[in-house]
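Report on the following structure.
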Amino acid sequence: MTLKTLSPKKPGLALTVLSWLWLFPAALLAEPYNIQGRVVDEETQEPLAFVNIIIEGSRSGGVTDIDGFFHLTHHSPIERIILSYVGYHPLVFEVDPARKIQWVEMQRKAIELTVVDIFPGENPAHRIIENAILFRDGNNPEKLGSFSYESYNKFIFTGEFETGHPEAASPALADSVSGRLQRYLDERHLMMMETVTERRFRYPSRNNETVIASRISGFENPVLALMATQFQSFSFYEDYITISGKDYLSPLSPGSINRYFFLLEDTTYTAADTVFIISFRPSRGRNFEGLRGLLYINTNGWAVQNVIAEPANQPEKSRVKIQQMYELIDGRQWFPTQLNTDVEIINVPNINHFKLLGLGRTYLRNIVLEPPLRRRDFSSYAVEFSPNTIVRDPHFWKAYRTDSLSLQEENTYLYLDSIGREQNLDRRLDRIEALMSGALRTGMFDIQIKHLLGYNDQEGWRPGFGINTNNKLSKYFSLHGNLGYGLKSQTFRYGYGGEVLVDRLSDLRLGYDFSWDFVERGGSRFLESTVLL
């Protein structure tokens, strides 16, 4: 055996190798410098989502999340950060090393004139948008074979007076409607609800969302909780984006360059990737239901990283805006992780300078790509409720909330829950729900209004009675019957039946119906079905 050693004639190589071996563990152990903070509007103190941040003297940076928070990491101390945001003055912020959370306030531009943009050649934003459209199917989460996630949803219904409005604060008007309303809103919101849901999806159309927990101020009926998840489309990659029940042509739909005007507003950096911030609005002279806002396109897959959008043409007295934030999951798929919806109703009748606000927040977690979902993992319902949907346990909610409830939010639950119990609001809501389907609810039974009184030429006036069971008796079977008497023909007519839920997943039901009744000549009647919720 021959042992080889480093030649004494080449000590430089040995020293180089030994120095690297010595310094490499130290490099691994060196902790990077990091800061965290929040960016807000200087006047309103509202958080600003997706603000561009660059660490001074570097190409490193990032953007704030949907709640205005940021976290930056760098290999050297961070002394200053440079912030830019469309509609706000640029800001160079001095980092205070003594503060754990940096509080950054940005000033809105006083006047924003309409700009006419003229490009002598190709619009640089078009190449970026064309790439985003080219890769949109690969980035669309609903083109995956399957996925699942949990979501925490919070919706707050509140209100506020315009900034600087003196009416509510004036001692002379303390007992006015505005004054009393202001004092109420200082302590609590008008309404608040929270839900936790589980969603399962398998391409192309199997989709299930289960409400596993809900809490609604003043109510226990979980049906209202669906409001928190129904305001906007799940992602921004479909041809049409739904906002508050209305469809708008997406700026990422094929051919959108011919309908939308795009402008490259800014560029920022995230690790090794570049993020382009592009504003969009319908081109002048184009007549279609479109959107306006900002797209943040990441060069990693030419994917949407953030979106701020609102309808281009909104009524004077109302406004709605959405925000979406995406993150790269498992290093391969961009997926929505936060969704915001803000609704404003301005100039409420009889209350000057006041607006109602609906604030929806959705946070996705435990995202699993391509789970082995089978057909039996899905039911026939798009949305369903778990057996114990109403959850009051504070430890449960603490595990899902991104932040603890504010004192104002806690007071909303305390105050409205006490009113709900005193006024029995759930029973009233239950009766209204039944009335909308044509029934008068009394406990476990629904009296059908259509059977109480009728008229036709053969029987004349026909008083009667019809009744069926509801979910309070059973979710798995129902019974129904009706009886009527024709005053002119002096004959009784009647019917009865029922059905049983055999399989929940396929919604398979077995039923029986018998009817001894009168149908006018030339008339028709269709077999009616009883829906079991």
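- Side chains of E327 and I367 form no contact here, defined as non-hydrogen atoms less than 4.5 Å apart.
- For Q45, the CD atom counts as densely surrounded, since its 6.0 Å shell holds more than 12 non-hydrogen atoms of other residues, nucleotides or ligands.
- We find that D186 and R183 are not joined by a salt bridge, their nearest charged nitrogen and carboxylate oxygen being 4.0 Å or further apart.
- Checking each of K154, R215, R401 against E194 for a side-chain hydrogen bond (donor to acceptor under 3.5 Å, both in side chains) leaves exactly one that passes, namely R401.
- Using a 4.5 Å cut-off on side-chain heavy atoms (C-beta onward), E160 and L185 make no contact.
- Separation of the F147 and F335 ring centroids falls under the 6.0 Å cut-off.
- One finds no salt bridge joining E46 and R108 here, because no Lys/Arg side-chain nitrogen approaches an Asp/Glu carboxylate oxygen to under 4.0 Å.
- Within a 6.0 Å radius of CG in D137, other residues, nucleotides and ligands contribute more than 12 heavy atoms.
- Nearest approach of S217 to L416, heavy atoms of both residues: OG-CD1, 3.3 Å.
- The ring-ring contact (aromatic ring centres under 6.0 Å, His included) pairs that include a residue from residues 429-449 number zero, where partners must be two or more places apart or lie in different chains.
- In this structure, Q314 contributes its side chain and V320 its backbone to a donor-acceptor pair below 3.5 Å.
- Considering all non-hydrogen atoms of both residues, N208 and S379 come closest at OD1-N, 2.6 Å.
- Checked against a 6.0 Å centroid threshold, the rings of F288 and Y260 count as neighbours.
- Side-chain contact between L435 and L440: present, with at least one pair of heavy atoms (C-beta onward) separated by less than 4.5 Å.
- With respect to V63, the side chain to side chain contact (heavy atoms under 4.5 Å, CB included) criterion is satisfied by exactly one of I277, T268, I53: T268.
- The shortest non-hydrogen separation linking S250 to S256 is O-CB, 4.0 Å.
- Classified by interplanar angle (parallel below 30°, tilted 30° to 60°, perpendicular above 60°), the ring pair F157/F155 is parallel.
- Here the closest non-hydrogen pair linking I129 and P251 is CG2-O, 4.2 Å.
- Pairing each heavy atom of D446 with each of A439, the nearest pair is CB-CB, 3.8 Å.
- The side chain to side chain contact (heavy atoms under 4.5 Å, CB included) with N482 is formed by just one residue from the set R493, H451, K450; it is H451.
- With salt bridges taken as basic N to acidic carboxylate O contacts below 4.0 Å, none links R38 and D65.
- Here the side chains of E289 and D247 are not in contact, with every heavy-atom distance at 4.5 Å or above.
- Counting only distance, with no hydrogens or angles, the side chain of T412 and the backbone of Q408 share a donor-acceptor pair below 3.5 Å.
- The side-chain heavy atoms of N306 and Y326, taken from C-beta on, include no pair separated by under 4.5 Å.
- We find that E310 and R292 are joined by a salt bridge, their nearest charged nitrogen and carboxylate oxygen being less than 4.0 Å apart.
- Using a distance-only test at 3.5 Å, with no hydrogens or angles considered, no donor-acceptor pair links the side chain of N411 to the main chain of H189.
- When each of T469, N468, D513 is tested with H480 by the rule side-chain hydrogen bond (donor to acceptor under 3.5 Å, both in side chains), just one qualifies, namely D513.
- Under the ring-ring contact (aromatic ring centres under 6.0 Å, His included) criterion, the residue pairs touching residues 397-426 are Y184-Y415, F396-Y400, with sequence neighbours excluded.
- Under a 3.5 Å cut-off, the side chain of Q102 and the backbone N or O of F70 do not form any donor-acceptor pair.
- A salt bridge links D239 to R136: one of the charged nitrogens lies within less than 4.0 Å of a carboxylate oxygen.
- Ion pairing between R361 and D403 fails under the 4.0 Å rule for side-chain N and carboxylate O.
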Using ring pair (Phe, Tyr, Trp, His ring centres under 6.0 Å), reason through F201 and F378 one step at a time and then give a plain yes or no. CA-CA 9 Å; F201 173 86; F378 298 85; 8.2 Å; no
What do the steps show when you test E238 against N140 for side-chain hydrogen bond (donor to acceptor under 3.5 Å, both in side chains), and what is the final call? CA-CA 8 Å; E238 300 298 332; N140 187 350; 3.1 Å; yes
Test side-chain hydrogen bond (donor to acceptor under 3.5 Å, both in side chains) applied to S151 and T197, step by step: CA-CA 5 Å; S151 71; T197 69; 2.5 Å; yes
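- The minimum heavy-atom distance linking V304 with Y237 is given by the pair N-OH, 2.9 Å.
- Here the side chain of Q333 pairs no donor or acceptor atom with the backbone of L328 at under 3.5 angstrom.
- Using a 4.0 Å cut-off between charged nitrogen and carboxylate oxygen, R202 and D377 do not count as a salt-bridge pair.
- Side-chain contact between N207 and R199: present, with at least one pair of heavy atoms (C-beta onward) separated by less than 4.5 Å.
- Y149 is not listed as a side-chain neighbour of I329, based on a closest heavy-atom distance of 4.5 Å or more.
- The side-chain heavy atoms of F69 and Q36, taken from C-beta on, include no pair separated by under 4.5 Å.
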Applying side-chain contact (heavy atoms from CB on, under 4.5 Å), run through R206 and L373 and close with a yes or a no. CA-CA 10 Å; R206 293 198 178 276; L373 297 177; over 6 Å; no
